[in-house]
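This one's a predicted model, so the numbers in the text were calculated from it and none came from an experiment.
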Amino acid sequence: MQPQVAKVIVDVPVKDTDRPFDYLIPESMRAWIEIGSRVGVPFGHRTVQGFVVGLQDEPSTGGIRLKAIQEVLDVVPPLSPELVKLAEWMSQKYACRFITALQVMVPTALKGKAERYISLGEASEPSPDEDEYAGSLVRISSEPTEEVRTITTYVGQKGEVPLQQLSRIFPDSADNIKSLLRKGILQENQSIKDKLQKKTLKAVDLAVDANEAEAALDGFPAKAQRQREVLQFVLEMKDLLPLPLKEILTSLQVSAATVKGLADKGFISIEDLEVFRDPYRGRRFKPSMPLELNDEQKHAYDRIVDTLDAYSHGVFLLHGVTGSGKTEIYLQTIQHCIEQGRQAIVLVPEIALTPQMVERFKGRFGDQVAVMHSRLSGGERYDEWRKIREGKVTVAIGARSAVFAPFEHIGLIIMDEEHETSYKQEESPKYHARDVAVKRAQQQGAAVILGSATPSLESYYASRSVADEQFAPMLLEMKHRALGNELPAVEIVDMREELKEGNRSMFSRSLHQAIEARLERQEQTVLLLNRRGYSTFVMCRSCGFVAGCPECDISLTYHQKSNNLRCHYCGYAEPAPEVCPDCGSEHIRYFGTGTQRVEEELAKLFPGIRVIRMDVDTTTEKGSHEKLLKQFRDKKADVLLGTQMVAKGLDFPDVTLVGVITADSALNLPDFRAGEKTFQLLTQVAGRAGRHQLPGEVMIQSYTPDHYSIIHASGHDYLAFVRDELKHRRNLHYPPYCRLILVTLTHEQLPLLVRMAENMVSVLQGKARQRGWFGSLDRLTADAFDVLGPVASPIPRIKNRYRFQCMVKWRGNIDAVGLVREATEQLEDTAHNQKLQISIDVDPQMLM
DNA sequence: AGCACGCCGACT
DNA sequence: GTCGGCGTGCTC
């Protein structure tokens, strides 16, 4: 028996509707509706989009009368039952709405909205006495009936007109249209419309048997010679049918009318062929063959393949120094996975998703690879996604959201640069791709590889500790570089000494000499300016005035291109001032990204030096990132100068010097991960040097050269760093020794907000006490729950809304998220304050 | 979130 | 006496 009832999660992301609603499945749709189908359903007085998350044979007794599903929106359901289950898990784990989790899994192109259509209603049917109708209209409305007649005639001719269009054509008739609707002379229906259409192409195919067409060629009338040519051409190309219409037109220089004439005669057909927009079309990828694995690699490979062969779930933490050949392990385990008939997902940080990276996978697996990239257009991304959904590829590579690639039989999920913070989504659903990957692999009986030279403390700790963690990866170590060359020597330069000895330049004497030496030897240098936590702001040097956003309490960012100041939280913009708006002084200065200043100084110190600068200013244009790197690779420059983005995954044979201008600018930030981030960045960038024949050298300039992050990064000593960092975390009760939930409350009125925030804290504490959870993390209990705050958020106001936050710290086998969610809903229910907004961030990454 | 229903101020 | 203001409540 086919199910009659579907449970639907509707696209109305509020608390009250965050549950399944039941709908009847019309007979005609039974064959099309599955768990994961996207449907249009009547909801209240309108039509909304929703996802089917469950099926039932019979309506539940209890007797609310059910409405029926209006339409099925896709031929192939965009989600599988497995993904629906994953979404439900996410909604629990991250305290988000079910629909929000479902929606993040499909391309935005599939977020449909109801469109309203107007057609003639039943009351407009020819009635026995039409005059009476017209008469009644005259009597009811004092307006002239002329307009009403024009409207109904128009709608009658068109059959169905989008409401929007109708009101555009009759701009002053809103009232008339409304009353016609009320009287049933016109009627409205709604249908879900996607944002994006599939791209189609007119294509020509033979409509008759080839022999028959061949025979017909002779009998063509003399005046249809052009058509004859077309048919002949089609026959010649019959192995390549269907043929794009455009191709025929350009090859034969005929008009579309000619081809259409031929189609009218019935020899050929012209159809709309669906095409996939391929952003990499026309690009050639150098094919690559599997490389011989060394012992360390072989060991890691074998462990992973064992798990694949057992078709069981397993998580591996692949800790390999830079250049140890992690990618080759990814490639070969994927190969194995594909040979099993299963599919693989490769996650890379957004910033590392370069053509160079893609090429390594396309080179090995060719057109088996779909790439999901944020720089793709909506349509391109939709097409790549469809290739996956429709089983046209077996490997998906992409950033964070590629973890939702709609494969049916996943064997392997790889997460490269596992420690990267960009795997955490900062908007709802605030998920971490690592946790989702592990959960999904668990559901599918798949393996996960978390690869990094500097694993996150969370993952490393989980691999070392026994029991009760969320996941316990098997640690696979690769301590040597695949090509056998040494890790580069790292020198720490104490900038305090430089200053003491009168060197006020941003280049120490050692770094200066080192760069000079590269110039002489025609080798290349990478310079990193660590500017995390800073941005381009404007300051008056006379009075100290800093230009800030009038609606958000943060400083405005200077944009050189448009010469204006912008707030990157709310989009507010104003022209850059010439003089200080506060004191009128002309000594107002733009503190640029810093790379500009470094560039200027380089030019001064080394006349004629060729520098490529890579930062937000020079890489905003599409493809510019790639272009700059290619220039550097082609040795069009001596120095590559940039921010974080020069640290990731780049691999240039002639780079023998890496300089870090300011190693410690992130260390003083109020973020308990500051040390970890610094260590990771320094280790990554140091790995850029000497990856090939030429030996590399790294120089780190620092004002706090004794900090353990800097010392251990210079010694390439991850384990020592972990030891020190863990000690630190344990003392301060930070992850991985507990887990965090950041609750942020916002409201327009500050005093009210403060009261609500205090209320929040006491509700949280009260509920925890009720459940018998212990108050403090200091006590050596397995379960603990503690609330800190409330305090003003690091950015205390955004878009004119004040922000307060409190931090939950917890550990053990308790449902802390559930409790926070409960408290939140209770507070939101306190009716008098709907304007209060609360956001919950489970396992937050950004604390600033 | 929308959208309709419902109950109080300034207008023909 | 009506148009319309937006508070309140519901959506299978």
Side-chain angles (χ1 to χ4, degrees), chain A residues 3-27 29-30 33 35 37-73 84 88 91 96-104 108 110-118 140-143 162-164 167 172-179 181-184 187-193 195 427-429 746-749 752 799 801 824-825 828-839:
Chain A
Q4 290 181 28
V5 173
K7 299 205 163 285
V8 175
I9 298 289
V10 293
D11 186 12
V12 183
V14 292
K15 184 185 63 152
D16 292 350
T17 54
D18 190 22
R19 63 189 169 83
F21 287 82
D22 291 353
Y23 285 91
L24 292 172
I25 307 173
E27 193 70 48
M29 292 182 195
R30 301 252 161 103
I33 299 237
I35 292 181
S37 291
R38 193 170 59 113
V39 293
V41 291
F43 194 64
H45 299 272
R46 65 212 165 106
T47 297
V48 297
Q49 176 181 291
F51 288 94
V52 175
V53 299
L55 295 168
Q56 253 175 37
D57 288 344
E58 300 278 340
S60 316
T61 47
I64 354 163
R65 60 174 196 287
L66 304 184
K67 291 185 183 174
I69 292 177
Q70 224 164 58
E71 49 184 343
V72 187
L73 298 172
V84 169
E88 190 173 14
S91 71
C96 70
R97 320 253 96 107
F98 200 165
I99 188 65
T100 316
L102 289 165
Q103 206 80 64
V104 79
T108 43
L110 293 187
K111 190 172 164 71
K113 260 192 79 179
E115 187 134 306
R116 316 168 78 160
Y117 295 90
I118 303 298
I140 292 168
S141 108
S142 54
E143 296 300 310
L163 175 60
Q164 251 193 329
S167 43
D172 302 320
S173 307
D175 287 346
N176 272 330
I177 295 172
K178 257 189 234 161
S179 87
L181 281 170
R182 248 198 305 278
K183 288 200 278 280
Q187 69 178 17
E188 183 198 296
N189 31 49
Q190 299 184 22
S191 172
I192 302 290
K193 249 187 119 182
K195 274 197 194 141
E427 308 92 59
S428 183
T746 72
H747 199 280
E748 285 173 5
Q749 286 159 290
L752 219 63
K799 283 197 202 183
R801 297 182 67 87
T824 305
E825 282 172 5
E828 276 171 341
D829 272 350
T830 323
H832 51 273
N833 245 309
Q834 275 104 352
K835 284 179 192 156
L836 178 73
Q837 281 172 19
I838 307 178
S839 109

Do A:Glu828 and A:Gln837 have side chains that approach each other closer than 4.5 Å (heavy atoms only, starting at C-beta)? no
Counterpart residues, salt bridge (charged side-chain N to carboxylate O under 4.0 Å, His left out), relative to A:Lys799 (two or more places apart): none
For atom CD of A:Glu825, decide whether the heavy atoms of other residues, nucleotides or ligands shown that lie under 6.0 angstrom number more than 12. yes
Look for any protein N or O under 3.5 Å of an N or O in nucleotides 10-12 of chain C and output each such pair with its distance, or none.
unit_1: C:dT11; atom_1: O3'; unit_2: A:Gly44; atom_2: N; d: 2.8
unit_1: C:dC12; atom_1: OP1; unit_2: A:Tyr23; atom_2: OH; d: 3.2
unit_1: C:dC12; atom_1: OP1; unit_2: A:Pro42; atom_2: O; d: 3.1
unit_1: C:dC12; atom_1: OP2; unit_2: A:Lys67; atom_2: NZ; d: 2.4
unit_1: C:dC12; atom_1: O3'; unit_2: A:Asp22; atom_2: O; d: 2.9
unit_1: C:dC12; atom_1: O3'; unit_2: A:Lys67; atom_2: N; d: 2.5
unit_1: C:dC12; atom_1: O2; unit_2: A:Asp22; atom_2: N; d: 2.9
unit_1: C:dC12; atom_1: N4; unit_2: A:Arg19; atom_2: NH1; d: 3.2
unit_1: C:dC12; atom_1: N4; unit_2: A:Arg19; atom_2: NH2; d: 3.3

Identify the heavy atoms of A:Ala101 and A:Pro429 that sit nearest to each other, and give their distance. CA-CG, 4.3 Å
Can you give the first and last nucleotides of DNA chain B, 5' to 3', that have an atom under 4.0 Å from a heavy atom of chain A? B:dA1 to B:dA4
Which residues share a side-chain contact (heavy atoms from CB on, under 4.5 Å) with A:Glu188, sequence neighbours left out: A:Arg116, A:Ile118, A:Leu181, A:Gln190
Contacts of A:Lys113 meeting side-chain contact (heavy atoms from CB on, under 4.5 Å) (sequence neighbours excluded), chain-then-number -> none
Residues forming a side-chain contact (heavy atoms from CB on, under 4.5 Å) with A:Asn189, sequence neighbours excluded: A:Tyr117, A:Ser119, A:Glu160, A:Gln187
